[in-house]
Amino acid sequence: AQKITQTQPGMFVQEKEAVTLDCTYDTSDPSYGLFWYKQPSSGEMIFLIYQGSYDQQNATEGRYSLNFQKARKSANLVISASQLGDSAMYFCAMREGDTGGFKTIFGAGTRLFVKA
Amino acid sequence: EAQVTQNPRYLITVTGKKLTVICSQNMNHEYMSWYRQDPGLGLRQIYYSMNVEVTDKGDVPEGYKVSRKEKRNFPLILESPSPNQTSLYFCASSLSGGGDNEQFFGPGTRLTVL
């Protein structure tokens, strides 16, 4: 069955340093998309970055990059130059293709704390 | 403004009293979905819809119903709410069901069932 695992319930990072949030997934569908969302304390869900299963290069969006290792089934989020405003909950998610019925599953999340 | 809206944003009700949470999007998206968020569990998909009149169960559909009679609306119905359905609910939409489509989320509905 499809699954998303985020093994870090909480992470601390010093302001201006880089941080990696881990995400591993499991699926038998050859076509899938991997997403990261940010949820600040205000509660809204903010899309950060996307990686397709057939993409050859790692996705990047500003200070966010996705370290995609398909053979290991990992899709770690790297935030460079952390800012205080990055303190939030981060969710990894996977959307399967037609083999998986187009379901979407989320990991349990990682709470990131950025220290001044 | 392109957005997903949910109504109501906050709701307190009692066990057994039927309720409907309205979700609407103005982006002409085909795919719509409902999730519930509980501490330590992330978001879990309740139901999703690939298009009008097409709905499918997610991972936690028990106790919920949905309908998709028109493209823009995807209401979530709790026929007989119970306290274990107290949660934060999100509606989301994307252009299609394909794996490369980001989802746009509504602001959330916080439901308390007493």
Side-chain angles (χ1 to χ4, degrees), chain A residues 1-10 21 23 25 27 29-55 59 61 64 66 68 75 89-111, chain B residues 1-6 9-10 23 25 27 29-51 54-61 66 68 74 87-111:
Chain A
Q2 66 272 44
K3 190 176 179 182
I4 292 278
T5 303
Q6 294 181 253
T7 57
Q8 307 150 313
L21 306 184
C23 173
Y25 61 92
T27 179
D29 195 328
S31 177
Y32 53 89
L34 296 158
F35 303 83
W36 278 92
Y37 291 88
K38 173 184 178 181
Q39 186 179 43
S41 56
S42 51
E44 71 267 32
M45 295 289 288
I46 302 168
F47 165 75
L48 294 178
I49 196 167
Y50 157 81
Q51 179 85 43
S53 58
Y54 296 117
D55 292 344
E61 289 284 351
Y64 304 108
L66 201 152
F68 181 46
M89 195 75 168
Y90 289 81
F91 291 100
C92 179
M94 176 174 67
R95 169 90 65 87
E96 294 183 316
D98 54 4
T99 304
F102 300 104
K103 283 186 176 180
T104 305
I105 58 169
F106 281 76
T110 295
R111 186 168 296 279
Chain B
E1 180 190 355
Q3 59 181 347
V4 179
T5 58
Q6 294 180 229
R9 294 287 314 281
Y10 302 90
C23 172
Q25 50 92 6
M27 295 170 280
H29 284 172
E30 290 185 348
Y31 186 97
M32 296 187 74
S33 183
W34 276 103
Y35 300 89
R36 61 177 289 173
Q37 182 179 9
D38 302 290
L41 298 177
L43 280 76
R44 293 179 291 168
Q45 195 171 38
I46 302 171
Y47 271 95
Y48 61 101
S49 168
M50 295 290 290
N51 213 326
V54 180
T55 62
D56 283 292
K57 295 178 181 178
D59 287 332
V60 288
V66 292
R68 188 91 182 274
F74 191 44
S87 188
L88 176 60
Y89 291 85
F90 285 101
C91 179
S93 73
S94 62
L95 191 60
S96 72
D100 61 347
N101 286 269
E102 76 172 270
Q103 291 185 83
F104 295 82
F105 281 81
T109 295
R110 187 164 292 281
L111 172 65

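We name chains A, B, ... by the order of the sequence lines, and we start the count at 1 in each one. Just so you know, these numbers come straight off a predicted model, no measurement behind them.
- Among residues two or more places apart in sequence or in another chain, the ring-ring contact (aromatic ring centres under 6.0 Å, His included) test is passed with F106(A) by Y37(A), Y35(B).
- Atoms CD and CZ, on Q39(A) and F105(B) in that order, are 9.0 Å from each other to the nearest 0.5 Å.
- The part of L41(B) that comes within reach of chain A is its backbone (N, CA, C, O), which places non-hydrogen atoms under 4.5 angstrom from that chain.
- Nearest heavy atoms, A108(A) versus G40(B): CB-O, 3.5 Å.
- A pairwise comparison of heavy atoms in D59(B) and K103(A) identifies OD1-NZ, 3.8 Å as the closest pair.
- Under the rule for a ring-ring contact (aromatic ring centres under 6.0 Å, His included), the partners of Y31(B) that lie at least two apart in sequence or sit in another chain are Y48(B).
- In this structure, M45(A) and Q103(B) have side chains that are not in contact, with every pair of non-hydrogen atoms separated by 4.5 Å or more.
- Atom CD of E102(B) sits about 11.5 Å away from atom CD1 of I49(A), to the nearest 0.5 Å.
- For the options Q37(B), R44(B), K57(B), heavy-atom pairs under 4.5 Å to chain A are most numerous at Q37(B).
- When heavy atoms are compared at a cutoff of 4.5 Å, F90(B) approaches chain A solely by way of its side chain, counted from C-beta outward.
- In this structure, OG on S94(B) lies 7.5 Å from CZ on F35(A), to the nearest 0.5 angstrom.
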